[in-house]
Amino acid sequence: MFETLKKIFKPSAETPAVQTVKPDISREKSAALYSKAKTYFPGGVNSPVRAFKSVYGTPLFIEKGDGCHLWDADGNHFIDFCCSWGPLILGHNHPEVREKVIATMHNGMSFGAPTALENELAELIISNNRFVEKIRFVSSGTEAVMSAIRLARGYTKRNKILKFEGCYHGHTDALLVKAGSGLVTFGETSSAGVPQAFVNETIVIALNDREALTKAFEEFKDQIAVVIIEPIPANNGLLLQDKAYLQFLREICTANGTLLLFDEVISGFRVGFEGAAGYYDIKPDILTYGKIIGGGLPVGCYGSSNEIMSIVSPDGGVYQGGTLSGNPVAMAAGIAQLSVLLQPGFYEELETVTNDFVECIQAYTQKKGYQFGVFKIGSIFWFAFTEKDKISRADEIDPASMEKFKKIHREMLNRGIYFGPSGYEVGFISSAHTPADLDKAKQAIFESLDIVFNEA
Ligand SMILES: *Cc1c(COP(=O)(O)O)cnc(C)c1O
């Protein structure tokens with residue numbers, strides 16, 4: 001189907017000002033799978049954003065991925081910029097990751113007892129990261145954050161936590177909160193089923209706002225166990241923070257005996273092997289990782305100093321465990337992926353490729369006078385339908401702009417470009433995106449932009 005469409009619509013270097021809307025890709029098989037899935041799972045999915053609620057059409061059921069390429073159940077082909085929401089920094093089905101996983105599986109898949117593979121992955125991480133001395137593996141980002149918060153409370157013997165509007169930390173009860181109205185507020189639950197009593201322990205403020213931060217520490221003096229932040233907030237658009245602000249945050253936490261937790265589930269191993277902590281050269285007290293760390297299999301981890309980690313069970317009184325924690329197959333995938341990331345020049349090259357891609361799109365939209373921005377850091381980028389050249393708080397995103405994302409998402413899919421199905425989600429470049437793939441993608445994105453901006 002995709003092949004025939006491509007023949008009919010041959011992209012040319014000289015993009016005409018007005019594009020014709022292409023017919024939607026065939027989704028017959030995906031639609032059938034989706035209606036079946038709806039009988040098994042709430043909303044037909046095992047994670048809400050996959051349901052395509054914010055974009056057109058039914059979710060695509062993926063059959064296969066290789067490099068930066070994806071194929072769905074109807075045989076449509078896409079260049080993938082979602083990359084499983086970040087983990088696949090080497091692209092799909094990377095030979096080294098795949099072979100190491102297969103080799104490991106020949107020896108069995110889980111023992112519930114220690115294996116050398118856990119040491120190997122820990123060694124790779126700890127010896128190449130100035131910010132953690134000891135870690136604990138878990139099975140997801142959510143679990144890493146949940147455990148890290150308990151650790152912070154156990155260590156400080158305080159209960160309150162402070163988070164920022166526009167940061168996502170997984171689906172832990174205490175963090176499913178959004179800001180109320182006012183500079184410093186207790187959160188309101190953003191999910192049913194979260195007791196108000198939990199939410200009363202969570203303070204929510206806006207990002208990049210020193211006044212709110214200062215006020216929160218005055219109001220809750222000696223009560224805040226931990227401040228949790230995505231140092232590179234990338235789950236609600238890409239809300240880049242000023243380094244000076246992050247430094248200020250570090251200092252105010254230290255001055256108040258509050259721990260600083262960098263949730264690097266998305267930024268860890270992405271903007272560099274040492275993540276955002278290394279990128280900004282700011283040392284948090286606790287870090288959480290996920291996504292990239294498992295090479296596409298479910299792994300999370302939290303880490304800190306020897307001293308703080310010494311209170312985690314069985315050494316100390318903060319309980320945390322997991323039946324499948326440190327699973328050998330998942331460890332193997334992580335070892336293989338992180339080993340590639342440690343090769344000299346890996347991040348520099350990925351960043352150069354991303355810069356070229358982003359600058360080319362920016363140049364095009366500037367030339368055309370479109371109100372559109374591409375924000376980026378490392379190999380993360382975000383398409384924003386805005387005139388602003390800086391967005392660092394959640395409330396600076398215009399919700400109405402998401403209508404435009406909805407349209408461009410459809411046009412891109414119809415041209416073989418796969419993005420996460422929401423305008424609040426970022427895109428990722430992997431080392432598997434070749435210049436030729438990216439050229440193809442740019443052309444398709446230009447055409448899609450033309451349609452969205454030239455519509456009556
Ligand atoms: C993805 C993400 C999480 C949640 O991780 P899961 O593996 O989905 O549970 C937590 N924090 C951040 C910053 C994330 O990007």
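Both ligands and their constituent atoms are indexed starting at 1 by order of listing. Count residues from 1 along the sequence.
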H433 and F81 aromatic centres sub-6.0 Å: yes

Result of checking V199, T172, L175, T202 against V194 for side chain to side chain contact (heavy atoms under 4.5 Å, CB included): V199

When the aromatic ring centroids of F405 and F383 are compared, is their separation below 6.0 Å? no

List the protein residues in contact with ligand 1, where contact means a heavy-atom separation under 4.0 angstrom. S140, G141, T142, Y168, H169, G170, E230, N235, D263, V265, I266, K291

Applied to residues 42-65, the ring-ring contact (aromatic ring centres under 6.0 Å, His included) test, sequence neighbours excluded, yields F52-H409

Reference residue E230; test side chain to side chain contact (heavy atoms under 4.5 Å, CB included); the match among V265, I266, L207: I266

Should the pair F357 and F381 be assigned to parallel (<30°), tilted (30 to 60°) or perpendicular (>60°) ring geometry? perpendicular

